[in-house]
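In each ligand, atom 1 is the first atom listed, and ligand 1 is the first ligand listed. Below, each value reflects all heavy atoms present in this structure, side chains not excepted, and no hydrogens, waters or symmetry copies. Note that the structure is predicted; figures quoted are calculated from it, not measured.
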Amino acid sequence: MEVRAKAPGKIILAGEHAVVHGSTAVAASIDLYTYASLQFPPLSDNDDTLKLQLKDLNLEFSWSVGKLKEAFPVDSGCIPLSPTACSPECFRIIAALVKEHNIPEAKIGLAAGVTAFLWLYTCIIGYKPAKVIVTSELPLGSGLGSSASFCVSLSAVFIALSGCVNLDLNKKGWFMFVDSELDLVNKWAFEGERLIHGKPSGIDNTVSTFGNVIKFRSGTLTRIKSSMLLKMLITNTKVGRNTKALVASVSERKLRHPDAMTAVFTSMDSISNKLATILESPAVDELAITEKEVLLEELMEMNQGLLQCMGVSHASIETVIRTTLKYKLSTKLTGAGGGGCVLTLLPTILSKTIVDKVKAELESCGFQCLTAAIGGNG
Ligand code: PMV
């Protein structure tokens, strides 16, 4: 039997980092997905291994189920319906994976991702042999929520097969999760994210699970009914960065400058709330849309300025900002910063000729330009 799940990546429209410290953030899903497929029972009878194939990275990991049970005992309280935080064993497994596969320091997130897979699988499915294949359309570690969509797609496929929820199939053969089951998928995915990122806010896994546009604050989700079809140019600077380290650096800056940083987080909160209000307010005609876009551009610029105050911008991000500013376009980083992806709002009245010119100029700097539809299903 084979079961597949897909989960989207995301962009953060406002409030990244500040959301870790209790401020509001607004995020939207994008139509680039991670796909997880699970096959069991295994093809041959005497195969007692659990395999994980990461197709885009050309990597395969396998564990004998017997050994896995010994090395990775799941707490007895850990059952599919009650997500629990990972055990300290997980961190020993990350260290062992790094050693065994000679994983360089910069790719430690990969070892953490593999461990998150083991944690989710053993907790939700148990110790059955199987083969899990993961592929993704998202550039890895670039701020588009690749790790969250990895955790959400795995969590969805495991929960669908756990037998603890009764799912209906739609006409296309996809299992349909209702909100309470999506909550469960989201909670497990968050535990995976915690293993990978240390102290995530939960916004990435939440938007990947529920899709569309969401407002997120201290673990609470509000769905946003956007009246606008936002067009964003996503520029991948291709500069690698580490979300965990960047999140920690902001916390350290807050410890050194508590008053100034608290003011920054409060401003971020106002920006996110204003942005959500603008998205939700009805736009009756083209003029109203243009006016709303101008307000959104200002909010994006202020958001970027505050991210600079937090110390998470990067020379490559500043190059994208300078380049797009020549065309009077507003740009902000999305996600953790330090490189990764950058968003530029493309106003509805902007001609295709200008968009092509901007893209060509950015690509000539070595960046990759992506276009993605915003706000699709989770
Ligand atoms: O995973 P990234 O790189 O898209 O960043 C996540 C957004 C942060 O606000 C920086 C961290 C978080 O957990 O909310």
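Using a cut-off of 4.0 Å between Lys/Arg side-chain N and Asp/Glu carboxylate O, Asp269 and Lys274 are scored as not salt-bridged. In this structure, Lys332 does not pair ionically with Glu297, as no charged nitrogen and carboxylate oxygen lie closer than 4.0 Å.
Close contacts of ligand 1 with Val19, meaning ligand atoms under 4.0 Å from a residue heavy atom, involve 9 (O), 14 (O). Atoms of ligand 1 lying under 4.0 Å from at least one heavy atom of Pro200, given by number and element, are 13 (O). Atoms of ligand 1 found under 4.0 Å from any heavy atom of Gly143, numbered from 1 in the order shown, are 3 (O), 4 (O). Within ligand 1, counting atoms from 1 as listed, the ones closer than 4.0 Å to a heavy atom of Lys10 are 2 (P), 4 (O). Applying the 4.0 Å criterion to heavy atoms of Arg241 picks out, from ligand 1, the atoms 2 (P), 3 (O). Under a 4.0 Å criterion applied to the non-hydrogen atoms of Ile12, ligand 1 contributes the atoms 7 (C). Each of the following atoms of ligand 1 lies closer than 4.0 Å to a heavy atom of Ile203: 14 (O).
Asn273 has its side chain within reach of Lys215: a pair of non-hydrogen atoms, C-beta onward, lies under 4.5 Å apart. At a threshold of 4.5 Å between non-hydrogen side-chain atoms, the residues Thr235 and Thr323 do not count as touching. Using a 4.5 Å cut-off on side-chain heavy atoms (C-beta onward), Thr24 and Val19 make no contact.
A salt bridge (charged side-chain N to carboxylate O under 4.0 Å, His left out) check over residues 359-378, counting only residues at least two apart or in different chains, returns the pairs Lys326-Glu361.
For a threshold of 3.5 Å applied to N or O pairs, the pair formed by Gly335 and ligand 1 contains no separation below that value. Checking only distances, Ser201 does come within under 3.5 Å of ligand 1, N or O to N or O. Considering backbone and side-chain atoms alike, His197 places every N or O at 3.5 Å or more from each N or O of ligand 1. Looking at ligand 1, you won't find any N or O of Glu16 less than 3.5 Å from one of its N or O atoms.
Contacts between Asp204 and ligand 1 below 4.0 angstrom, taking non-hydrogen atoms only, involve the side chain exclusively. At a 4.0 Å heavy-atom cut-off, ligand 1 touches Val20 through the side chain alone.
Using a non-hydrogen distance threshold of 4.0 Å, Glu193 does not register as a contact of ligand 1.
Scanning all heavy atoms of the two residues, the minimum distance from Pro139 to Asn236 falls at CB-ND2, 3.6 Å. Here the closest heavy-atom approach between residue Leu52 and residue Trp63 is recorded as CB-CZ3, 4.0 Å.
Protein heavy atom closest to atom 9 (O) of ligand 1, with residue, atom name and distance, is His17 N, 2.9 Å. The protein heavy atom nearest to atom 5 (O) of ligand 1 is Ala336 N, 3.3 Å.
In this structure, Lys6 fails the cation-pi test against Tyr35, since its NZ or CZ atom is not both closer than 6.0 Å to the six-membered ring centre and inside 45 degrees of the ring normal.
The side-chain contact (heavy atoms from CB on, under 4.5 Å) test with Asp183 singles out one residue from Phe210, Trp188, Phe177, and that residue is Phe210.
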